[in-house]
Participant: 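Following this message is one structure expressed as structure tokens.
In this text the structure is predicted, and so the values were computed from the model without any measurement.
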Amino acid sequence: MNIPAALENINEQIKAACLKSRRSADEIELIAVSKTFPAEAISDAYGAGLRTFGESRAQDLRKKADILAPDINWHFIGHLQTNKIKYVAAVATLIQSIDSLHTAGALDQFCKRRGLTCDVLMQVNTSGETSKFGVKPQEAIETFLNIQENLKEIKLKGLMTIGPFTDDKKKIRSAFSVLREIRDKLRDHTSPESIAVLSMGMSHDYNIAIEEGSTMIRIGTALFGKRGS
Ligand SMILES: *Cc1c(COP(=O)(O)O)cnc(C)c1O
């Protein structure tokens, strides 16, 4: 994969989607999802100007962070098992995938013991697919406010979702609009900073996500090429 060329193409598409939805491209942050790719690929992307990378396995994140440039921001985007918190909490600048009160509570406890605070997003399962993690949409507001009120070492910054695995653009769009609507409802209950981020959109659906209000897209395949399974 020619990463600089791929990045240029993605940036063009971001601009086009922003133009279509009358948004500014400055509103969209690109996270390079480097999971399963080796350090060399990340170095190439770093050379092309990227500074924020997403990993979905705790030990991989820790290992890559150890050997790569110290000015990289690492986001954790996978399901966080409580016994893996120790690999992630001190290294990740954003944990995007807080998918239950249980995980949030365990992270908060860990942070308290270590004197840390952690920036997080709450993941919502907007597609209803049972294979996906995330808080149910109908429980999202209550869970969000519960975390915010009771878990003081965790700083909520917004919401994350993974679109449904389908080619049906309507279904994808409607999942993204569910996340946006939850964010909009939260506006009455919380500060703007705690809901600033709407992380949605991957290689095959980021155009739709931007049209539906995404502020953070997570791109793997379109940047690095196909992942070996
Ligand atoms: C793998 C992954 C991505 C990137 O997916 P691509 O389709 O390769 O762009 C984004 N978000 C999450 C949570 C992922 O696990």
Side-chain angles (χ1 to χ4, degrees), residues 10 13 17 28-37 54-58 60-61 75-85 88 92 94-107 120-147 156-186 195 197-229:
I10 293 163
Q13 298 214 41
I28 317 296
E29 188 178 356
L30 168 63
I31 311 305
V33 175
S34 51
K35 65 182 185 197
T36 77
F37 287 98
E55 289 284 332
S56 60
R57 294 205 183 120
D60 289 352
L61 180 143
H75 286 192
F76 189 71
I77 61 172
H79 172 62
L80 183 58
Q81 293 170 275
T82 53
N83 62 340
K84 303 284 171 62
I85 286 173
V88 171
L94 183 66
I95 298 175
Q96 295 209 9
S97 40
I98 291 299
D99 52 20
S100 70
L101 200 54
H102 173 74
T103 308
L107 179 62
V120 305
L121 306 181
M122 189 181 83
Q123 181 175 352
V124 180
N125 183 352
T126 54
S127 67
E129 289 173 9
T130 51
S131 60
K132 289 198 169 74
F133 288 99
V135 177
K136 292 194 182 96
Q138 59 272 28
E139 293 167 5
I141 290 175
E142 190 189 342
T143 305
F144 188 99
L145 296 175
N146 193 337
I147 292 172
L156 278 161
K157 299 291 173 187
L159 302 169
M160 184 272 248
T161 198
I162 301 174
F165 189 68
T166 173
D167 290 330
D168 184 338
K169 293 207 160 86
K170 265 196 194 147
K171 279 194 184 140
I172 295 172
R173 191 177 292 280
S174 104
F176 291 153
S177 74
V178 165
L179 197 71
R180 188 194 58 236
E181 283 161 16
I182 293 167
R183 193 267 323 266
D184 291 347
K185 283 187 194 145
L186 278 165
I195 46 170
V197 178
L198 214 49
S199 175
M200 55 190 196
M202 305 175 13
S203 292
H204 64 286
D205 58 17
Y206 67 92
N207 308 62
I208 301 174
I210 290 171
E211 289 170 27
E212 292 301 320
S214 173
T215 69
M216 185 177 277
I217 58 176
R218 310 178 307 268
I219 307 291
T221 317
L223 190 62
F224 293 107
K226 262 209 162 82
R227 282 181 292 275
S229 86

Participant: What's the separation between atom CG in Asn125 and atom CE in Met160, rounded to the nearest 0.5 Å?
Facilitator: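 Reported to 0.5 Å precision, the distance equals 11.0 Å.
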
Participant: Check the pair Phe176 / Ser214 against side chain to side chain contact (heavy atoms under 4.5 Å, CB included), numbers first and verdict last.
Facilitator: CA-CA 8 Å; Phe176 291 153; Ser214 173; over 6 Å; no

Participant: Determine the minimum heavy-atom distance between Phe144 and Leu156, stating which atoms define it.
Facilitator: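 Shortest heavy-atom separation between Phe144 and Leu156 comes out as O-CD1, 3.5 Å.
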
Participant: Within the 4.5 Å heavy-atom criterion, are Gln123 and Thr161 side-chain neighbours or not?
Facilitator: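 Counting from C-beta outward, Gln123 and Thr161 never come under 4.5 Å.
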
Participant: Tell me, with the steps shown, if Lys170 and Ile172 meet side chain to side chain contact (heavy atoms under 4.5 Å, CB included).
Facilitator: CA-CA 5 Å; Lys170 265 196 194 147; Ile172 295 172; over 6 Å; no

Participant: Taking side chain as C-beta onward, heavy atoms only, is Met200 less than 4.5 Å from Asp205?
Facilitator: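 Not in contact.
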
Participant: Taking the side chain as C-beta and beyond, is there a heavy-atom pair between Glu212 and Arg173 under 4.5 Å?
Facilitator: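 Side chain of Glu212 against side chain of Arg173, heavy atoms only: contact under 4.5 Å found.
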
Participant: Can you tell me which residue pairs pass the salt bridge (charged side-chain N to carboxylate O under 4.0 Å, His left out) test with a partner in residues 124-135, sequence neighbours excluded?
Facilitator: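 Non-adjacent pairs meeting salt bridge (charged side-chain N to carboxylate O under 4.0 Å, His left out): Glu129-Lys132.
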
Participant: Taking all non-hydrogen atoms of both residues into account, name the closest pair between Gly54 and Ile31 and its distance.
Facilitator: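 So the two residues come closest at N-CG2, 3.8 Å.
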
Participant: Nearest 0.5 Å please: distance from the OG1 atom of Thr36 over to the CG atom of Asp60.
Facilitator: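 The distance works out to 8.5 Å.
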
Participant: Nearest 0.5 Å, what's the CG-CG distance between Leu179 and Leu159?
Facilitator: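 Spacing of CG (Leu179) from CG (Leu159) equals 5.0 Å.
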
Participant: Are the side chains of Met122 and Val135 in touch, meaning some heavy atoms are under 4.5 Å apart?
Facilitator: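 Met122 vs Val135: side chains touch.
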
Participant: Nearest heavy-atom pair of Leu198 and Arg183: which atoms, and what distance?
Facilitator: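 It is CD2-NH1, 3.7 Å.
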
Participant: Is a side-chain N or O of Ser203 found less than 3.5 angstrom from the main chain of Ala222, in a donor-acceptor match?
Facilitator: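 Judged by distance alone, yes, a pair lies under 3.5 Å.
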
Participant: Flag the pair Ile219 / Met202 as yes when at least one side-chain heavy-atom distance between them is below 4.5 Å, and no otherwise.
Facilitator: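 Contact flag for Ile219/Met202 side chains = no.
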
Participant: Is there a side chain to side chain contact (heavy atoms under 4.5 Å, CB included) between Glu55 and Ile77? Walk through the geometry before answering.
Facilitator: CA-CA 6 Å; Glu55 289 284 332; Ile77 61 172; 5.9 Å; no

Participant: Using a 4.5 Å cut-off on heavy atoms from C-beta on, say whether the side chain of Ile182 contacts that of Pro137.
Facilitator: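 The answer is yes; the side chains approach within 4.5 Å.
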
Participant: Looking at every heavy atom in both Phe76 and Ser97, which two are closest together, and how far apart are they?
Facilitator: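 That would be O-OG, 3.5 Å.
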
Participant: Just so I know, are the side chains of Ile95 and Val88 near enough to count as touching, which here means a heavy-atom distance under 4.5 Å?
Facilitator: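 Touching, per the 4.5 Å side-chain cut-off.
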
Participant: Would you say Gln96 and Arg218 make side-chain contact, with heavy atoms under 4.5 Å?
Facilitator: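 Contact flag for Gln96/Arg218 side chains = yes.
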
Participant: Checking side-chain polar atoms at under 3.5 Å, does Ser177 have a donor or acceptor matched by the opposite partner on Ser174?
Facilitator: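 There is no such pair (donor and acceptor under 3.5 Å, judged by atom type) between the side chains of Ser177 and Ser174.
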
Participant: I'd like to know if the side chain of Ser100 and the backbone of Thr103 have a donor-acceptor N/O pair within less than 3.5 Å.
Facilitator: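 A pair under 3.5 Å: yes.
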
Participant: Look at atom CG of Asp167 and say whether more than 12 heavy atoms of other residues, nucleotides or ligands are closer to it than 6.0 Å.
Facilitator: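 Open: at most 12 neighbouring heavy atoms sit under 6.0 Å from CG of Asp167.
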
Participant: Please report the closest heavy-atom contact between Gly220 and Arg227, naming both atoms and the distance.
Facilitator: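 Minimum heavy-atom separation between Gly220 and Arg227: CA-NH1, 4.1 Å.
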
Participant: Describe, in one word, how the ring planes of His79 and Phe133 are oriented to each other, choosing from parallel (under 30°), tilted (30 to 60°) and perpendicular (over 60°).
Facilitator: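 Because their plane-to-plane angle is under 30°, the rings of His79 and Phe133 count as parallel.
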
Participant: Identify the two heavy atoms, one from His75 and one from Leu61, that lie closest to each other, and give their separation to 0.1 Å.
Facilitator: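 In terms of heavy atoms, the two residues are closest at O-CD1, 3.9 Å.
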
Participant: Does either side chain, that of Glu29 or that of Thr215, offer a donor lying less than 3.5 Å from an acceptor on the other one?
Facilitator: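 The criterion, which ignores hydrogens and geometry beyond distance, is not satisfied for Thr215 and Glu29.
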
